[in-house]
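Predicted, not measured: the structure shown is a model, and the values here were computed from it.
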Amino acid sequence: MEGYKAPQKDALFVMNELLGFEKHYADLGFEEASPDMVEAIFSEAAKFSENVIAPINAIGDEEGCTWTDSVVTTPTGFKEAYQQYVEGGWPSMTHPAEFGGQELPYSLSSALGEWLSGANHAWAMYPGLSQGCMATLEAHGTPEQQKMFLHKLVAGTWTGTMCLTESHCGSDLGMLKTKAEKNTDGSYNLTGTKIFISAGEHDMSENIVHIVIARLPGAPEGTKGISLFAVPKFNVSAEGEKEDRNAVTCGSIEHKMGIKGSATCVINFDGAKGYLIGTENRGLNCMFTFMNSARIGTGLEGLASSETAFQGALAYAKDRLQFRSMKGVQNPAGPADPIIVHPDVRRMLLTQKAFAEGNRALAIYAMKLVDITLYSKDEADKQLSEAKLAFLTPIVKAFLTETAQEATSYGMQVYGGHGFIKEWGMEQLARDTRICTMYEGTTGIQAIDLLARKVVGSNGKLLDVFTQEVRDYCLSIRDKGQFNAWSNAIEVHLDEWKQITADITKRAASNPDELGAASVDYLMYSGYVTVGYFWLKMAVLAQEKLDAGTDNAAFYQAKLHTAKFYFDRLLTRTRSLVSAIETGSDSLMSMPVEQFDLSA
């Protein structure tokens, strides 16, 4: 699949027109991030995505990474592309000037993350992991640790990772066995093995800083005994200069279904020197800085795949000639009509488009909330944004990646048999995207976080905080009669959302399995309603632009058409989700375990 184009126009529409980012940036003290500057940055990022890393995407899949005696070599062109990325100053965008950063807002850099992933998911993993590493050190590192690590990380000459998983310990981090023992100089020796470490070893940077969770001697059991450490591949002086090799090695790399150009490593710590981040046994609290940004980043990977699948499928559907339209000949000069005239192809394309554009609006809205939590001096606004973000983060992560599975599957389906053939690129996209529902906690983990921790755990307060915003908006457009049906549909869903929450909570009081049984359906319901809210807002705005007169009428008309499709065909999926939620846990949990394999 060729010709990826960064969706600059739609991202600017969401930021500038839908969400008012010019005022948002000015209110937070980022006056230099003017619309002109944002557009210029977008233009350069688009060139890099389209012209530098998109052309090596298929190469990365074909060659993969190679491992020889603990050394990992990335595919042809990956290292050179990363050097261009560093030379362009991209790693430093959001970081403090004292460490060499440009002090631009989080949302500006994150919006570009979609394009990197859309152009080359595997390559984008390398710089992507570094951002969370830097955020953790900036938020929780000591001045000495920041001096040691941040200058080179911000410059991009060093990269970072997150080391959580062990072979026996996936999402249940309390089971970890990696141990840390304190040295007389205040550093620690870490011993243990981590698996599934993205960008854990490679040839693209001079050093790699691993953010590692481990357990100290005598630490409490479970997650209350987790501590967090920075462990470099090469030891580092107090002045931040690379020294001798640390006792950190790559034991192997995984042979994966997709993202083969991204090195997924087994990392061995054999008494490796590390530095405690934060306080003892409070590592998970610090780790959430990394994990929350990573969850939004993974959601962006799903969004990117939906967009890329749509672009490829649309180009093919316009060009591929098969059969005649049921309404009569549409292409008299050819032997058949382009397949875009067929209703089922339209269904798939519009589903991809509706997910890509609706999910983008949600993702950028979440980025706006992150900006406020990071930079606002208005404590009330900050707390409100933190509450909304806590509620929306699992939805961003899980809904955007689950819908990406559908979008990439439709990408293959539009191509027909060619979609199953490697040279067209759609099967690679589907393989690369499959991991997104598993990264940073599976969909089930996100769902139980949303329902049990965020909604039930807050006695419904976090749900109310967000839904009140939606209700207020629906009330504000009551005078726009042409949108009453859609607005009413959203309001009905808000009432239903509250009711199903109360019903689940009541059932769970006597049977906790009710939370787990309902959670994924509940999350998907939440996603459809949330994205429906953004489609309503985009439709209203599009109509206002058309009414005012615009040179970009086709763009806004397409928004209205896609919104209608969303409300007619996608929001209605909530009916089956509610039905499943209402059945409760019995059909899931009543069968004895031993009966599962009686047909074997």
Trainee: Give, for atom CE of M367 and atom CG of L108, the distance between the pair rounded to the nearest 0.5 Å.
Mentor: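 If I round to the nearest 0.5 Å, the distance is 10.0 Å.
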Trainee: What are the two closest non-hydrogen atoms of A81 and I56, and how far apart are they?
Mentor: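 Closest approach of A81 to I56: CB-CD1, 4.0 Å.
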Trainee: Check for a donor-acceptor pair, side chain of D432 on one end and backbone N or O of H121 on the other, with a separation under 3.5 Å.
Mentor: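 Looks like no, no N/O pair under 3.5 Å.
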Trainee: For residues H95 and Q131, is any side-chain donor paired with an opposing acceptor at under 3.5 Å?
Mentor: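 Looking only at side-chain atoms, Q131 and H95 do form a donor-acceptor pair, the distance falling under 3.5 Å.
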Trainee: So which heavy atom on V248 is nearest to which on V231, and how close?
Mentor: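 What the structure gives for the nearest pair is CG2-CG1, 3.8 Å.
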Trainee: Evaluate the side chain to side chain contact (heavy atoms under 4.5 Å, CB included) criterion for residues E301 and M125: first the C-alpha distance (whole Å), next the side-chain angles of each, then the deciding distance (0.1 Å), finally the verdict.
Mentor: CA-CA 10 Å; E301 291 174 349; M125 296 289 293; 3.3 Å; yes
Trainee: List the steps, then state whether side chain to side chain contact (heavy atoms under 4.5 Å, CB included) holds for T408 with M426.
Mentor: CA-CA 7 Å; T408 54; M426 272 295 172; over 6 Å; no
Trainee: Any non-hydrogen side-chain atom of P96 less than 4.5 Å from a side-chain atom of E103?
Mentor: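 A side-chain contact exists here, since the closest heavy-atom pair is under 4.5 Å.
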Trainee: Does some side-chain heavy atom of D244 sit less than 4.5 Å from a side-chain heavy atom of F234?
Mentor: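 No. Closest side-chain heavy atoms not under 4.5 Å.
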Trainee: Are any of the side-chain heavy atoms of M204 and K79 separated by less than 4.5 Å?
Mentor: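 They are in contact (side-chain heavy atoms under 4.5 Å apart), so the answer is yes.
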Trainee: Please determine whether side chain to side chain contact (heavy atoms under 4.5 Å, CB included) holds for the pair M438 and I435, giving the CA-CA distance in whole Å, both sets of side-chain angles, and the decisive distance to 0.1 Å.
Mentor: CA-CA 5 Å; M438 304 174 207; I435 186 62; 4.1 Å; yes
Trainee: Could you tell me if the side chain of Y415 sits less than 4.5 Å from the side chain of E427, heavy atoms only?
Mentor: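 E427 vs Y415: side chains apart.
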Trainee: A quick test of your reading: do over 12 heavy atoms of other residues, nucleotides or ligands sit less than 6.0 Å from CZ of R431?
Mentor: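 Yes - once you tally the heavy atoms of other residues, nucleotides and ligands closer than 6.0 Å, there are more than 12.
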Trainee: Parallel, tilted or perpendicular: which describes the rings of F99 and H151, with under 30° parallel and over 60° perpendicular?
Mentor: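 Perpendicular: the ring planes of F99 and H151 meet at over 60°.
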Trainee: Assess whether atom CD of Q83 is packed by more than 12 heavy atoms of other residues, nucleotides or ligands within 6.0 Å.
Mentor: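 Yes, because the 6.0 Å sphere around CD of Q83 holds more than 12 heavy atoms from other groups.
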Trainee: Distance check, rounded to the nearest 0.5 Å: L129 atom CG versus T159 atom OG1?
Mentor: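 Here the rounded value is 8.5 Å.
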Trainee: Are any side-chain N or O atoms of N246 and backbone N or O atoms of K273, one a donor and one an acceptor, separated by less than 3.5 Å?
Mentor: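 Yes: the side chain of N246 pairs with the backbone of K273.
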Trainee: Should P55 and N51 count as side-chain neighbours, where that means a heavy-atom distance under 4.5 Å?
Mentor: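 No - every pair of side-chain heavy atoms lies 4.5 Å or more apart.
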Trainee: In terms of side-chain geometry, is the basic nitrogen of E241 or K152 positioned less than 4.0 Å from the acidic oxygen of its partner?
Mentor: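 Yes, E241 and K152 are salt-bridged.
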Trainee: Spell out, as yes or no, whether a donor-acceptor pair under 3.5 Å connects the side chain of Q146 to the backbone of L137.
Mentor: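 At least one qualifying donor-acceptor pair exists.
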Trainee: Is a side-chain N or O of Q352 found less than 3.5 angstrom from the main chain of A407, in a donor-acceptor match?
Mentor: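 Side chain of Q352 to backbone of A407, a donor-acceptor pair under 3.5 Å: yes, one is there.
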Trainee: Could R295 and D449 be called an ion pair, given the rule that one side-chain N must be under 4.0 Å from one carboxylate O?
Mentor: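 Salt bridge flag = yes for D449 with R295.
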Trainee: Take atom NE2 in H255; do more than 12 heavy atoms of anything else shown fall under 6.0 Å from it?
Mentor: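 No - once you tally the heavy atoms of other residues, nucleotides and ligands closer than 6.0 Å, there are 12 at most.
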Trainee: Any side-chain to backbone donor/acceptor pair from S227 onto R215? Under 3.5 Å, distance only.
Mentor: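 Such a contact is absent between S227 side chain and R215 backbone.
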Trainee: Under the side chain to side chain contact (heavy atoms under 4.5 Å, CB included) criterion, do M148 and Y275 qualify, and how do the steps go?
Mentor: CA-CA 11 Å; M148 289 173 68; Y275 304 87; 3.6 Å; yes
Trainee: Looking at D69, I want to see if its CG is surrounded by more than 12 non-hydrogen atoms of other residues, nucleotides or ligands under 6.0 Å.
Mentor: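 No, the 6.0 Å shell around CG holds no more than 12 heavy atoms from other groups.
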Trainee: Centre-to-centre under 6.0 Å for Y126 and Y82, is that the case here?
Mentor: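 Ring centres of Y82 and Y126 not closer than 6.0 Å.
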Trainee: What do you reckon, is CD of E63 surrounded by more than 12 foreign heavy atoms closer than 6.0 Å?
Mentor: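 Yes - once you tally the heavy atoms of other residues, nucleotides and ligands closer than 6.0 Å, there are more than 12.
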Trainee: So how far is it from C163 SG to I211 CD1, rounded to the nearest 0.5 Å?
Mentor: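 These two atoms lie 8.5 Å from each other.
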Trainee: Does any part of the side chain of M15, heavy atoms only, come nearer than 4.5 Å to the side chain of F42, both counted from C-beta?
Mentor: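 The answer is yes, as the side chains (C-beta and beyond) meet within the 4.5 Å cut-off.
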Trainee: Between W123 and F48, does the ring pair (Phe, Tyr, Trp, His ring centres under 6.0 Å) criterion hold? Intermediate values first, please.
Mentor: CA-CA 12 Å; W123 184 92; F48 179 81; 5.6 Å; yes
Trainee: Between Q84 and E80, does the side-chain hydrogen bond (donor to acceptor under 3.5 Å, both in side chains) criterion hold? Intermediate values first, please.
Mentor: CA-CA 6 Å; Q84 290 188 53; E80 292 76 12; over 6 Å; no
Trainee: Set out, in order, the CA-CA distance, both residues' side-chain angles and the distance that settles side-chain hydrogen bond (donor to acceptor under 3.5 Å, both in side chains) for T443 and E402, then state yes or no.
Mentor: CA-CA 8 Å; T443 300; E402 284 290 341; 2.6 Å; yes
Trainee: I'd like to know if the side chain of S306 pairs up with that of N359 as donor and acceptor (distance under 3.5 Å, no hydrogens or angles considered).
Mentor: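 The answer is no; no qualifying pair exists.
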Trainee: Treating K179 as the side-chain partner and N189 as the backbone partner, does any N or O pair qualify as donor plus acceptor under 3.5 Å?
Mentor: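 Absent.
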Trainee: Do L303 and L362 make a side-chain contact, defined as non-hydrogen atoms from C-beta onward lying under 4.5 Å apart?
Mentor: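 SC-SC contact between L303 and L362 ruled out.
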Trainee: Calculate, to the nearest 0.5 Å, the distance between atoms CD and CG belonging to Q446 and L451 respectively.
Mentor: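 These two atoms lie 13.0 Å from each other.
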Trainee: State, without any angle test, whether T73 and D203 hold a side-chain donor-acceptor pair at a distance under 3.5 Å.
Mentor: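 Note: T73 and D203 side chains miss the donor-acceptor criterion.
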Trainee: Do the charged groups of E357 and R360 touch, with an N to O distance under 4.0 Å?
Mentor: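 Salt bridge: no.
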Trainee: Between the main-chain N or O of V154 and the side-chain N or O of S92, is there a donor-acceptor pair closer than 3.5 Å?
Mentor: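 Checked: no pair found.
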Trainee: What I want to find out is whether E206 reaches K242 closely enough, with some N-O distance under 4.0 Å, to be called a salt bridge.
Mentor: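 Looking at E206 and K242, the cut-off is not met.
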Trainee: Can S237 and E243 be counted as having a side-chain donor-acceptor contact under 3.5 angstrom?
Mentor: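 The criterion, which ignores hydrogens and geometry beyond distance, is not satisfied for E243 and S237.
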Trainee: Quick one: does any side-chain atom of S109 pair with a main-chain N or O of Y106 as donor and acceptor, under 3.5 Å?
Mentor: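 Side chain of S109 to backbone of Y106: no pair is present.
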Trainee: In Å and rounded to the nearest 0.5 Å, what is the CG to OG distance from L300 to S110?
Mentor: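 Rounded to the nearest 0.5 Å, the CG-OG separation comes to 6.5 Å.
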Trainee: Looking at every heavy atom in both L228 and C286, which two are closest together, and how far apart are they?
Mentor: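 Closest heavy-atom pair between L228 and C286: CD2-CB, 3.5 Å.
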Trainee: Yes or no on side-chain hydrogen bond (donor to acceptor under 3.5 Å, both in side chains) for T437 and Q405, after CA distance, side-chain angles and deciding distance?
Mentor: CA-CA 9 Å; T437 61; Q405 308 308 311; 4.7 Å; no
Trainee: Which value, rounded to the nearest 0.5 Å, describes the distance between K233 atom NZ and H210 atom NE2?
Mentor: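 Answer rounded to 0.5 Å: 7.5 Å.
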Trainee: Taking C-beta and beyond as the side chain, do W115 and P7 meet within less than 4.5 Å on heavy atoms?
Mentor: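 Yes, their side chains come closer than 4.5 Å.
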Trainee: State whether the side chain of S117 and the backbone N or O of E114 hold a donor-acceptor pair below 3.5 Å, judged by distance alone.
Mentor: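 Flag not set: sc S117 to bb E114 has no pair under 3.5 Å.
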Trainee: If you compare all heavy atoms of E201 against all heavy atoms of C250, which two are closest, and at what distance to 0.1 Å?
Mentor: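 So the minimum-distance heavy-atom pair works out to CB-CB, 3.7 Å.
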Trainee: Identify which one of T178, T193, I213 satisfies the side chain to side chain contact (heavy atoms under 4.5 Å, CB included) criterion when paired with E166.
Mentor: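 Only match with E166 under side chain to side chain contact (heavy atoms under 4.5 Å, CB included): T178.
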Trainee: Examine distances only and state if a side-chain atom of K454 and a backbone atom of T393 form a donor-acceptor pair shorter than 3.5 Å.
Mentor: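 Flag not set: sc K454 to bb T393 has no pair under 3.5 Å.
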Trainee: Please report the shortest heavy-atom distance between G160 and L153, naming the atom on each side.
Mentor: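 What the structure gives for the nearest pair is N-CD2, 4.0 Å.
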Trainee: Can you name the closest pair of heavy atoms from V266 and I195 and give their distance?
Mentor: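 Nearest heavy atoms, V266 then I195: CG2-CG2, 4.1 Å.
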